[in-house]
Amino acid sequence: MININPKPTRLGREKPTVAIISLTACNGCLMEIINLGQLLKGVVDRLQITEFPLVRSGKSPTKFDIAFIEGSVVTKENLKTLEQLRKQSKFLIAIGACACIGGIPEIKNYRDREKLIKQIYKSTKNIENPLIKPLKEYVKIDLEIPGCPPNKKEIAKIIASLLVGKIPCIPQRPVCYECQIREYNCLLQKGLPCLGSITLGGCQAVCLKSGEICSACRGFLSKPAAKNLIKIFKKQGLSDQDLNNLLEKFGVRDEFEKILKS
Amino acid sequence: MDKKQLQKFIQWLQEKNYIVIGPTKEDGQILIKTISESSQLDFSGQLPLYSFKKYLVPSREILFKYKKDDFKADLTAFKQALIGVSIFDLKAILLYNQVFEKDPYYQARLNNTLIIGQSQIPQFQNLSFKVWEDKYEEDILEHLQFDIFLGQAKEKKSSEFKIFTGSKKGQQILNDFAKQSGWKSDFEHVEYAGPIKEEGANPEMMKIKEKMPGSLETDIWQNLDQRCIECGKCTIVCPTCFCFSLTDQPCLNKDEGMRKRCWDSCFYSEFSEITGGHKFLKNTAERIYNWYYHKFVRIPDEYNFPGCVGCGRCSMVCPAGIKIHEVLESIKTK
Ligand code: SF4
Ligand code: SF4
Ligand code: SF4
Ligand code: SF4
Ligand code: SF4
């Protein structure tokens, strides 16, 4: 679900200061920003990027007009960074599935965490192993740019809006919209458990383009008709186990269950 | 005109700088696309799931761009020939012509478009999709707007087309083609007599129109409320749905930006939302009711013909299995 907290966005500067920060993550989101390529030139010209761990390191100024943050809170250090950044930033943007909805790391919430950690690390002594939560559960987030990875065109549009003092927003349209204006075959009608109808669009339905179902890496619409979708899934014979596996992939099982209960 | 001559005609149009667009088979699906060779066209009469509407109102278009105080609306349109437009889609174009009567983008496109219809009764796998009891006889042509029409002879195997024209432009083009190609010009002109038949408004439509208001409380809509997933697929494939949203999008370059128009659907939650967050359509029942109300009450009120041409596409694409003819039946018998 996308949270947009209206707030003064006249960023008040010709060249707003920007931080782009990673918590525990694969850095895929930051790569998307770097991959803006041609567009990046436009971005760099109009922003003053003062914190971008993948590009350069320097000492951090005390205030940012815009801050992008990706990844999950896994360590105490991560939490400190996040809280610190919140205090330092006027407009804090969570970017990517991990930051917005929990993402792939959240899969461990649905498994035996203690057992898992032992399978992965030789010594588990200094490894913190918390539940994974979207960043908005720790601090106030002003905008979420979801996706695994996020869509670079969308990032560019959002930055452009912020630069003119407009609160960016992602239209509440499902993935089906983008899938169908592109005339892709509907996999749900073929009996596959596609989550596109309840998932927030904006990714240009890339998975459907390659014949894969949508597994909701962008999180859900604000009021999805999930109760009716599940009826279709059940009719098509999808087992609870398979549905859970699908929903756990990007950590939206808890969200989904909340919607069904509401 | 036989198939060979038709292919020649299509080639000739391409030489005259027309982009030729028509149904073509791709991965077992009939899609409407730009074709490079006339042999790509599919005249099987199978109804393409996605209609011709995107060539008159694209799913996404830039209305204008600005750069500081400089403002540019791009109204140039390519010359395009839409070929193989079914009677369903021709009827839908009638509605579009009314709705977008004052839209300069639409009009620019329409002026550069050659509409070539084709009569075929689409072979539904399931004939129960039928919405209207229409007979596809030639007299239907006088109530449609087109330039050229290819009437396919009733005998299945025949590859002869009986040619009609419905506009001066169509006549002109066929005459030019005859002059330049040696085709023995042979066509009949049909004068457009308005969208409504002499007998007046469709009585079936009137019946639904009377029954719709006040039915929101009935279990027709409560039942659909428990089924529809609000995917909006029905509005995207419906050849008559015309709703769009406008977005102003600044660019990364300083002082530059654009206004865009893209298709929208009344099934989406922001469709009826206004400043302050109020939504006129609050839940699934109200949204699906609005869909029917618009097609079977508001459009008839405005134009005296239904906002549904009976193509059955919405039923074919609905993942929840909602069938328009069944819904209409329950409205009529309520
Ligand atoms: S394939 Fe998925 S995203 Fe595409 S229309 Fe069907 S349900 Fe929607
Ligand atoms: S189709 Fe679904 S899973 Fe794929 S990128 Fe889009 S939102 Fe993510
Ligand atoms: S049958 Fe359905 S898709 Fe076809 S015109 Fe009517 S409402 Fe639209
Ligand atoms: S209101 Fe709904 S049914 Fe009517 S044209 Fe718009 S999208 Fe189609
Ligand atoms: S296609 Fe069916 S499920 Fe989807 S919005 Fe239309 S009626 Fe509802």
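First the proteins, then the strands, lettered A, B, ... as listed; each starts at 1. All values below come from the heavy atoms of this structure, side chains included, with hydrogens, waters and symmetry mates left out. Quick caveat: nothing in here was measured; it's all calculated off a predicted structure.
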(message) If only side-chain N and O atoms count, and only distance matters, is there a donor-acceptor pair under 3.5 Å linking B:Gln226 with A:Asn228?
(response) no

(request) Below 4.5 Å from any heavy atom of chain B, which atoms of A:Leu229 appear? Answer side chain, backbone, both or neither. (result) both

(request) Evaluate the side-chain proximity of B:Ile229 to A:Ile198: yes if any heavy-atom separation is below 4.5 Å, no if none is. (result) no

(request) Decide yes or no on salt bridge (charged side-chain N to carboxylate O under 4.0 Å, His left out) for A:Glu183 and B:Lys54, but give the supporting numbers first. (result) CA-CA 11 Å; A:Glu183 308 186 351; B:Lys54 62 187 175 199; 2.5 Å; yes

(message) If I measure from the heavy atoms of chain A, does B:Ser245 come under 4.5 Å with its side chain, its backbone, both, or neither?
(response) side chain

(message) Does any part of the side chain of A:Cys186, heavy atoms only, come nearer than 4.5 Å to the side chain of B:Lys233, both counted from C-beta?
(response) yes

(message) Please identify, among B:Glu230, B:Gln29, B:Gln249, the residue contributing the most non-hydrogen atom pairs under 4.5 Å to chain A.
(response) B:Gln249

(request) Report the C-alpha distance between A:Ile232 and B:Arg227 in whole Å, list the side-chain angles of each, state the deciding distance to 0.1 Å, and finish with yes or no for side chain to side chain contact (heavy atoms under 4.5 Å, CB included). (result) CA-CA 8 Å; A:Ile232 299 178; B:Arg227 290 170 67 194; over 6 Å; no

(message) Let me confirm one number: the SG-CD distance from B:Cys318 to A:Gln189, rounded to the nearest 0.5 Å.
(response) 7.5 Å

(request) Compare all side-chain heavy atoms of B:Lys254 with those of A:Leu163 and state whether any distance is below 4.5 angstrom. (result) no

(message) Testing the basics here: between B:Ser269 and A:Gln172, what is the closest heavy-atom pair and its distance to 0.1 Å?
(response) OG-CB, 3.8 Å

(request) Quick one: which of B:Pro319, B:Ser59, B:Gly321 has the most heavy-atom pairs under 4.5 Å with chain A, could you say? (result) B:Pro319

(request) Give, as side chain, backbone, both or neither, the part of B:Cys262 having an atom under 4.5 angstrom from any heavy atom of chain A. (result) both

(request) Look only at the side chain of A:Tyr177 and the backbone of B:Trp263, and say whether a donor-acceptor pair between them is shorter than 3.5 Å. (result) yes

(message) Please find the pair of heavy atoms, one from B:Cys228 and one from A:Ala225, that lie closest to each other, and give the distance.
(response) O-CB, 3.9 Å

(message) If you compare all heavy atoms of A:Tyr184 against all heavy atoms of B:Tyr50, which two are closest, and at what distance to 0.1 Å?
(response) O-OH, 3.4 Å

(message) Need one label for B:Asp225: side chain, backbone, both or neither, based on atoms under 4.5 Å from any heavy atom in chain A.
(response) backbone

(request) Would you give the length of the straight line joining atom CG of B:Leu49 to atom CD of A:Gln180, rounded to the nearest 0.5 angstrom? (result) 7.5 Å

(message) Taking side chain as everything from C-beta outward and backbone as N, CA, C, O, which of these in A:Pro171 sits under 4.5 Å from a heavy atom of chain B? Side chain, backbone, both or neither.
(response) both

(request) For A:Cys176 and B:Ile236, work out which heavy atoms get closest and say how close. (result) O-CD1, 4.4 Å

